[in-house]
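Order of the sequence lines fixes the chain letters, A, B, ..., with proteins taken first and strands second; residue numbering starts at 1 for each chain.
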Protein chains: 2
Amino acid sequence: MGQWFKQLLKFNPHRECPLSLCMNSKHKQEKVAEREAELIDIAHDIVTKDGFAGLTMDKLVNASPYSKGTIYNHFSSKEDLISALSTHSLSLLIEMFKKLEDFDGNSREHVLAVHFTYQLYCQLEPTLFLCVLSARTPAVMEKTSPERNAIIKKKELEVTAMCDHAFQQGLADGSLKLSTGVAMHDLVFASWATGFGTNALLINAKAVEGVSRLEQKYALLRNVNFLLDGMQWQPLSSEFDYHDTWKKLELFFADYLKLLEER
Amino acid sequence: MGQWFKQLLKFNPHRECPLSLCMNSKHKQEKVAEREAELIDIAHDIVTKDGFAGLTMDKLVNASPYSKGTIYNHFSSKEDLISALSTHSLSLLIEMFKKLEDFDGNSREHVLAVHFTYQLYCQLEPTLFLCVLSARTPAVMEKTSPERNAIIKKKELEVTAMCDHAFQQGLADGSLKLSTGVAMHDLVFASWATGFGTNALLINAKAVEGVSRLEQKYALLRNVNFLLDGMQWQPLSSEFDYHDTWKKLELFFADYLKLLEER
DNA sequence: CGTCAAATTTGACGTATCGTCATTTTAGTT
DNA sequence: AACTAAAATGACGATACGTCAAATTTGACG
């Protein structure tokens with residue numbers, strides 16, 4: 001429904017003002033942006049209900065109170081719509097990441113926290129995860145407006161900034177050291193690749209093999225621990241109970257996990 | 001063209017017998033299988049030329065000497081065709097893996113060899129890589145014949161068997177040890193996730209940011225080394241020059257790399 | 001309040017693609 | 001040569017993308 005998100009985050013919804021007087025005073029740009037958000041929400045619903053392949057411009061037209069022409073006024077093509085969903089998706093992820101500011105722990109635990117959050121997000125919104133993926137496909141990029149591509153890029157920078165932060169912390173407090181010839185960027189990339197690969201494969205395994213959530217519960221933790229141990233990020237997993245961190249995170253995100261269970 | 005492959009591997013091509021007499025003696029099943037291979041080759045061409053999104057049943061019909069009905073006799077839907085391309089793609093990968101039997105090195109080097117090969121494959125056939133991905137999508141799986149899905153599963157097992165082999169070697173020669181609560185399967189999964197994630201992100205980065213091949217040349221090696229160091233697989237990267245292994249692999253696959261350069 | 005021009009919205013339509021199926025053609029047998 | 005079972009054909013219906021001329025709304029001005 002896309003509703004869970006707003007509730008959990010107390011998302012500011014640009015509250016619709018019921019007085020037409022108020023409406024009239026609203027600037028045109030605002031109205032357009034509001035309607036675009038409305039359309040993206042509808043598209044989000046369609047995608048969660050009918051899957052990525054079930055997303056159709058005609059369906060969006062029928063599910064919205066607007067006509068085809070108006071829809072195409074917002075999204076120049078289906079690909080543009082997918083990109084719009086991608087930015088929406090990235091926004092959700094960023095909002096989740098922002099919650100992590102309240103999470104306590106050492107710097108390595110913070111990296112785990114980022115991964116935990118990302119996994120949670122992937123499981124809550126597997127189809128949006130797909131949207132983000134395909135939005136970075138040449139075929140899609142070519143057909144989305146340059147402005148929207150710029151927005152995606154900006155959002156992606158925000159996301160990586162979140163990751164960078166944890167690594168900078170590690171460098172700052174000395175628990176992580178750079179060996180010669182390896183930049184921090186390389187470490188962040190390795191971390192991201194591990195998280196991405198693990199989540200992508202797990203989502204897949206779930207679809208193909210029916211691997212249960214319980215079985216895959218600690219797969220990501222394991223993989224990331226291997227990686228961070230390999231980076232010599234102190235304290236090593238042999239010296240610290242990161243399983244405990246994982247459980248702390250489950251508590252921290254109890255609301256979201258509850259949503260996940262309910263399916 | 002898909003031709004590079006047959007040349008390099010001296011792929012048995014079920015050579016077409018020019019004598020009609022010979023043709024007549026051929027069993028029906030053989031003829032069907034042959035035509036299917038022919039069609040997949042054409043589809044492969046279309047995909048490499050026009051990209052994944054450019055693959056169309058009508059295009060395949062026009063590019064082949066057969067009619068729509070016949071095509072649909074082979075592939076019950078477009079999704080089925082994608083799955084067929086996926087099995088084709090996996091076969092290519094397996095063929096490449098088989099070459100590795102001639103590669104010398106310790107067991108950890110063999111893991112690197114598997115990753116090197118997989119990366120090479122991803123770079124040579126990025127769109128086929130996409131095919132394999134989307135073939136594992138629920139939307140596609142639902143619409144492909146059970147038999148073909150079974151074939152995919154079998155091929156995937158073959159691929160993972162290749163990976164398993166290197167890990168079993170490590171366990172056998174004592175350079176890799178299992179800690180409690182972690183099965184070999186978990187290690188293989190971690191390895192695969194790292195390779196998959198790194199390659200997927202690199203392909204993407206290439207498309208989006210224009211990251212050059214040179215820049216990403218050693219990214220995978222770095223990531224895998226972190227991982228295997230984290231697994232305590234001896235000898236550690238601090239004690240052994242795996243860069244050298246990587247270079248040996250470049251030499252070993254010189255033919256393929258040359259093809260890659262030529263683009 | 002009425003008029004008019006610019007901006008916006010509308011939905012019917014053109015084109016492309018998927019997948020079907022009645023008809024035709026081929027292959028094999030007697 | 002006649003006949004039947006299997007295979008191939010391509011016209012056709014359905015669905016989806018994207019366009020554009022016409023209709024509607026907006027808001028500026030007298």
Side-chain angles (χ1 to χ4, degrees), chain A residues 20-36 38-39 42-43 46-47 49-85 134 137 139-145 148, chain B residues 20-36 38-39 42-43 46-47 49-85 134 137 139-145 148:
Chain A
S20 64
L21 180 142
C22 166
M23 286 295 285
N24 288 340
S25 72
K26 202 172 288 179
H27 294 143
K28 223 174 281 182
Q29 286 195 338
E30 276 181 27
K31 270 169 65 181
V32 169
E34 205 165 276
R35 191 169 54 188
E36 183 144 324
E38 182 192 349
L39 288 173
I42 297 174
I46 295 175
V47 154
K49 197 156 68 71
D50 302 344
F52 183 67
L55 178 62
T56 288
M57 293 304 266
D58 284 349
K59 257 190 213 168
L60 179 59
V61 170
N62 288 337
S64 81
Y66 311 108
S67 73
K68 202 156 212 179
T70 303
I71 303 284
Y72 271 86
N73 243 23
H74 282 278
F75 313 109
S76 60
S77 66
K78 187 185 178 180
E79 284 76 16
D80 200 41
L81 172 63
I82 290 170
S83 293
L85 267 175
S134 59
T137 280
V140 174
M141 287 183 68
E142 278 165 20
K143 299 188 82 179
T144 88
S145 61
R148 214 182 289 280
Chain B
S20 63
L21 180 143
C22 166
M23 285 294 286
N24 288 341
S25 72
K26 202 172 288 179
H27 294 143
K28 223 176 277 181
Q29 286 195 339
E30 274 181 28
K31 271 170 66 182
V32 169
E34 205 165 275
R35 192 169 55 189
E36 183 145 322
E38 181 191 351
L39 288 172
I42 297 175
I46 295 176
V47 154
K49 197 156 69 72
D50 302 345
F52 182 68
L55 178 62
T56 288
M57 292 305 266
D58 285 350
K59 255 189 215 168
L60 179 60
V61 170
N62 288 338
S64 82
Y66 311 108
S67 74
K68 201 156 213 179
T70 303
I71 303 284
Y72 272 86
N73 243 24
H74 283 278
F75 312 109
S76 60
S77 66
K78 186 185 178 181
E79 285 75 17
D80 200 41
L81 173 63
I82 291 170
S83 293
L85 268 174
S134 56
T137 281
V140 173
M141 286 182 68
E142 279 165 20
K143 300 187 83 180
T144 88
S145 63
R148 215 183 288 283

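- Comparing D:dG18, C:dC18, D:dA16 against the side chain of B:Met57 picks out C:dC18 as the nearest.
- Distance, A:Asn62 CG to D:dA16 P: 9 Å, rounded to whole Å.
- Closest approach of B:Ala63 to B:Ile42, counting heavy atoms only: CB-CG2, 3.7 Å.
- One finds the CD1 atom of A:Ile82 at 4.0 Å from the CZ atom of A:Phe52 (value rounded to the nearest 0.5 Å).
- Atom C1' of nucleotide C:dA12 and atom CG of A:Asp58 are separated by 12 Å, given to the nearest angstrom.
- Taking the charged nitrogens against the carboxylate oxygens, B:Asp80 and B:Lys143 have no contact shorter than 4.0 Å, which rules out a salt bridge.
- Whole-Å rounding puts the A:Lys31 NZ to C:dA7 C1' distance at 12 Å.
- Atom-to-atom, CD1 of B:Ile71 to P of C:dG19 comes out at 13 Å; the value is rounded to the nearest Å.
- Contacts of A:Thr56 with the nucleic acid, taken as non-hydrogen atoms under 4.0 Å apart, involve only primed sugar atoms and P, OP1 or OP2.
- Residue A:Ser67 places no side-chain N or O under 4.0 Å from the OP1 or OP2 atom of C:dG11.
- Side-chain atoms of B:Lys59 do not come within 3.5 Å of backbone N or O of B:Ala43 as any donor-acceptor pair.
- Computed from coordinates, the A:Asp50 CG to D:dT15 C1' distance equals 15 Å when rounded to whole Å.
- Closest to the side chain of B:Tyr66, out of D:dT9, D:dG18, C:dT10, is D:dT9.
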Go through the steps to decide whether B:Val47 and B:Leu85 satisfy the test side-chain contact (heavy atoms from CB on, under 4.5 Å), and finish with yes or no.
CA-CA 10 Å; B:Val47 154; B:Leu85 268 174; 3.8 Å; yes

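- If you check every strand for non-hydrogen atoms under 4.0 Å, A:Ser76 touches nothing.
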Verdict with reasoning, A:Asp58 to A:Lys68, per side-chain contact (heavy atoms from CB on, under 4.5 Å):
CA-CA 8 Å; A:Asp58 284 349; A:Lys68 202 156 212 179; 2.5 Å; yes

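- When the P atom of D:dG18 is taken as reference, atom CZ of A:Phe75 falls 13 Å away, rounded to whole Å.
- For B:Tyr72, the side-chain atoms get nearest to C:dC18 when compared with the rest of C:dC18, C:dT10, D:dG18.
- In this structure, A:Asn73 reaches the C:dT9 phosphate: one of its side-chain N or O atoms is under 4.0 Å from OP1 or OP2.
- For B:Ser64 (side chain) and B:Tyr66 (main-chain N/O), a donor-acceptor pair under 3.5 Å exists by modelled atom type.
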Just do the side-chain contact (heavy atoms from CB on, under 4.5 Å) check on A:Val61 and A:Ser67 with the steps written out, would you?
CA-CA 6 Å; A:Val61 170; A:Ser67 73; 5.6 Å; no

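- Helical stems of DNA chain D (runs of at least 3 Watson-Crick or G-U pairs, donor-acceptor distances under 3.5 Å) are listed by first residue: C:1-30 with D:1-30.
- Put simply, A:Lys78 has a side-chain N or O that comes within less than 4.0 Å of OP1 or OP2 on D:dC17.
- OP1 or OP2 of D:dA16 has not a single side-chain nitrogen or oxygen of A:Lys68 nearer than 4.0 Å.
- Each of A:Lys59 and A:Gly69 was assigned the nucleotide of DNA chain D with the nearest heavy atom; the assignment lying further toward the 5' end belongs to A:Lys59.
- Listed pair B:Arg35 / D:dA7 fails the phosphate criterion, with no side-chain N or O lying under 4.0 Å from OP1 or OP2.
- In this structure, B:Glu142 places its CD atom 14 Å from P of C:dG19, rounding to the nearest Å.
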